[in-house]
Amino acid sequence: MKNYSIWEDIADIECPELKDNKEVQVLIVGGGITGISTLIHLKKDNLKVILVERNKCGYGTTGKSTAKITYLQERIYMNLRKNLNDTQAKNYLDSQRYAVNLIKDLIVKNKIDCDLKQVPSYLFTTKEDNIKKIEEEYNFLKNNGVDVTKVTNVFFNKNVKLALKVNDTYVFHPLKYINYWKNKYKDSIYENSKLEAIKKVKGGYVCLVNGKIIKTKYLVLGMHYPYFLKPFFLPTKSYVEASYIGAKNTKGEDFSAINIDNPTISMRRDNNNFIYLFI
Ligand SMILES: Cc1cc2nc3c(=O)[nH]c(=O)nc-3n(C[C@H](O)[C@H](O)[C@H](O)COP(=O)(O)OP(=O)(O)OC[C@H]3O[C@@H](n4cnc5c(N)ncnc54)[C@H](O)[C@@H]3O)c2cc1C
């Protein structure tokens with residue numbers, strides 16, 4: 001049994017460690033999909049930008065995810081309606097559909113070899129009590145222009161009571177995707193380079209990375225919560241969560257799916273890789 005992510009089974013591209021002081025317009029911290037996506041878009045605008053990653057790009061959460069590109073995300077739309085309002089829920093839906101297309105277009109336009117595949121996404125429940133919640137999510141999507149269908153029989157789980165299905169969603173190989181951009185922007189990425197401190201100064205920030213100084217006008221933290229800034233301080237809205245991911249080789253139709261029950265089960269299959277995740 002492997003105890004590392006299946007995505008990590010590919011040849012790595014190395015970027016250097018930071019060894020000199022630098023002065024830039026934008027410093028991005030973290031080489032996961034957040035940091036790399038920021039780099040891609042800032043590079044398009046010809047900004048003087050560098051990215052620092054304390055380990056290897058993509059080997060954080062991004063390289064351990066199920067790598068589904070979908071806007072079906074548990075009960076997100078009903079939760080946003082309840083806790084905010086209809087407009088914010090609609091804005092979030094639009095942003096997620098925009099992001100799905102953005103990443104797909106980037107892959108297609110740049111001919112990135114990262115196993116992109118269009119597969120249907122499902123949102124489902126195996127519990128009688130949750131059928132109404134799936135209906136609510138369905139109505140919201142339908143009323144907001146999504147081509148969504150309701151299904152009661154799904155091939156991947158015979159206990160499903162009700163599911164939603166959309167077709168304009170994808171899966172990919174996250175590390176092949178990250179490696180393409182690493183290769184393209186090698187001169188702007190420093191790996192094994194850890195942000196250790198940040199000081200706000202007039203006109204920007206002074207950052208300490210591997211003992212070197214980086215002066216920057218703008219700073220993007222794509223590294224989750226920066227615990228080192230306030231050691232031992234856990235904000236009240238943070239919590240620790242464990243998830244368990246596995247993969248096996250099975251044949252069948254390609255798809256991705258997530259439930260709204262407890263525990264959360266997220267899964268996908270493509271090229272005979274069946275990947276499942278319990279949260
Ligand atoms: C098990 C699991 C499955 C998931 N599946 C999906 C999915 O299928 N589809 C989907 O859209 N989302 C999925 N998600 C959510 C998604 O993976 C994450 O939201 C996304 O990968 C986060 O990317 P990130 O770049 O913000 O963080 P990360 O990928 O974790 O990158 C942060 C980087 O910051 C670096 N860093 C941290 N501290 C420092 C420092 N001091 N100096 C320099 N670098 C530092 C880390 O080394 C790391 O590489 C999943 C999440 C989990 C946990």
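Heavy atoms only: backbone and side chains are in, while hydrogens, waters and symmetry mates are out. In each ligand, atom 1 is the first atom listed, and ligand 1 is the first ligand listed.
Residue T34 has at least one nitrogen or oxygen atom sitting less than 3.5 Å from a nitrogen or oxygen atom of ligand 1, judged on distance alone. Not a single N or O atom of Y59, backbone or side chain, sits closer than 3.5 Å to an N or O atom of ligand 1. In terms of polar-atom proximity, H224 is counted as a contact of ligand 1, with an N or O under 3.5 Å from an N or O of the ligand. Distances between N or O atoms of M223 and those of ligand 1 include no value under 3.5 Å. On a distance-only criterion, A67 and ligand 1 share at least one N/O pair closer than 3.5 Å. Distances between N or O atoms of K194 and those of ligand 1 include no value under 3.5 Å.
Within 4.0 Å of atom 32 (C) of ligand 1, at least one protein heavy atom is present. Within a 4.0 Å radius of atom 12 (N) of ligand 1, the protein contributes no non-hydrogen atoms.
The shortest distance between side-chain heavy atoms of E136 and R81 does not fall below 4.5 Å. Within the 4.5 Å cutoff, no side-chain heavy atoms of V49 are placed close to those of V24. Side-chain contact between T126 and F124 is present, with heavy atoms from C-beta onward closer than 4.5 Å. Contact of the V146 side chain with the R97 side chain is registered, since non-hydrogen atoms from C-beta on lie closer than 4.5 Å.
Here the shortest heavy-atom pairing between V171 and K68 reads CG1-CA, 4.3 Å. Nearest heavy atom pair, residue G31 against residue I36, reads O-CG1, 3.7 Å.
Taking the six-membered ring where the residue is Trp, the centroids of F274 and F156 are separated by 6.0 Å or more. Taking the six-membered ring for Trp, F155 and F255 have ring centres closer than 6.0 Å.
Cluster annotation: V206 is not connected to I28 through the hydrophobic network of ILVMFWY side chains, with a link wherever side-chain heavy atoms come within less than 4.5 Å. The hydrophobic cluster containing L93 also contains I69, counting ILVMFWY residues as joined when their side-chain heavy atoms lie under 4.5 angstrom apart, directly or transitively.
Residue, atom and distance of the protein heavy atom nearest to atom 42 (N) of ligand 1 are L195 N, 2.9 Å. Ranking the protein heavy atoms by distance from atom 44 (N) of ligand 1 puts R54 N, 3.1 Å first. The protein heavy-atom contact nearest to atom 29 (O) of ligand 1 is T62 OG1, 2.6 Å. Scanning all protein heavy atoms for the shortest distance to atom 34 (O) of ligand 1 gives G30 CA, 3.3 Å. Of all protein heavy atoms, the one closest to atom 17 (O) of ligand 1 is S65 CB, 3.5 Å. Nearest protein heavy-atom neighbour of atom 53 (C) of ligand 1: T61 CG2, 3.6 Å. Counting protein heavy atoms only, atom 35 (C) of ligand 1 is closest to E53 OE1, 3.3 Å. Nearest to atom 5 (N) of ligand 1 among the protein's heavy atoms is T66 OG1, 3.0 Å.
Contact annotation for S193 and ligand 1: only backbone heavy atoms (N, CA, C, O) come within less than 4.0 Å of the ligand. Contacts with ligand 1 closer than 4.0 Å are made by no heavy atom of I36, backbone or side chain.
Counting atoms of ligand 1 from 1 in the listed order, those under 4.0 Å from a heavy atom of S243 are 1 (C). For ligand 1, the atoms lying closer than 4.0 Å to a non-hydrogen atom of K64 are 1 (C). Taking every heavy atom of L277 and a limit of under 4.0 angstrom, the matching atoms of ligand 1 come to 1 (C), 2 (C), 3 (C). Per-residue contacts place G222 under 4.0 angstrom from the following atoms of ligand 1 (heavy atoms of the residue considered): 32 (C), 33 (C), 34 (O).
Results of the side-chain hydrogen bond (donor to acceptor under 3.5 Å, both in side chains) test with Y71 over D168, T169, D94 single out D168 as the only residue that passes.
Distances shorter than 4.0 angstrom do not occur between any heavy atom of R268 and any atom of ligand 1.
Between Y185 and W181, the angle of the ring planes stays under 30°, which puts this pair in the parallel group of the 30/60° scheme.
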Open item on the list: salt bridge (Lys or Arg N to Asp or Glu O under 4.0 Å) for D20 and K212? Distances and angles first, verdict last.
Closed with: CA-CA 6 Å; D20 310 301; K212 303 292 169 204; over 6 Å; no
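Crowding of D147 atom CG: a count of heavy atoms from other residues, nucleotides or ligands under 6.0 Å not exceeding 12.
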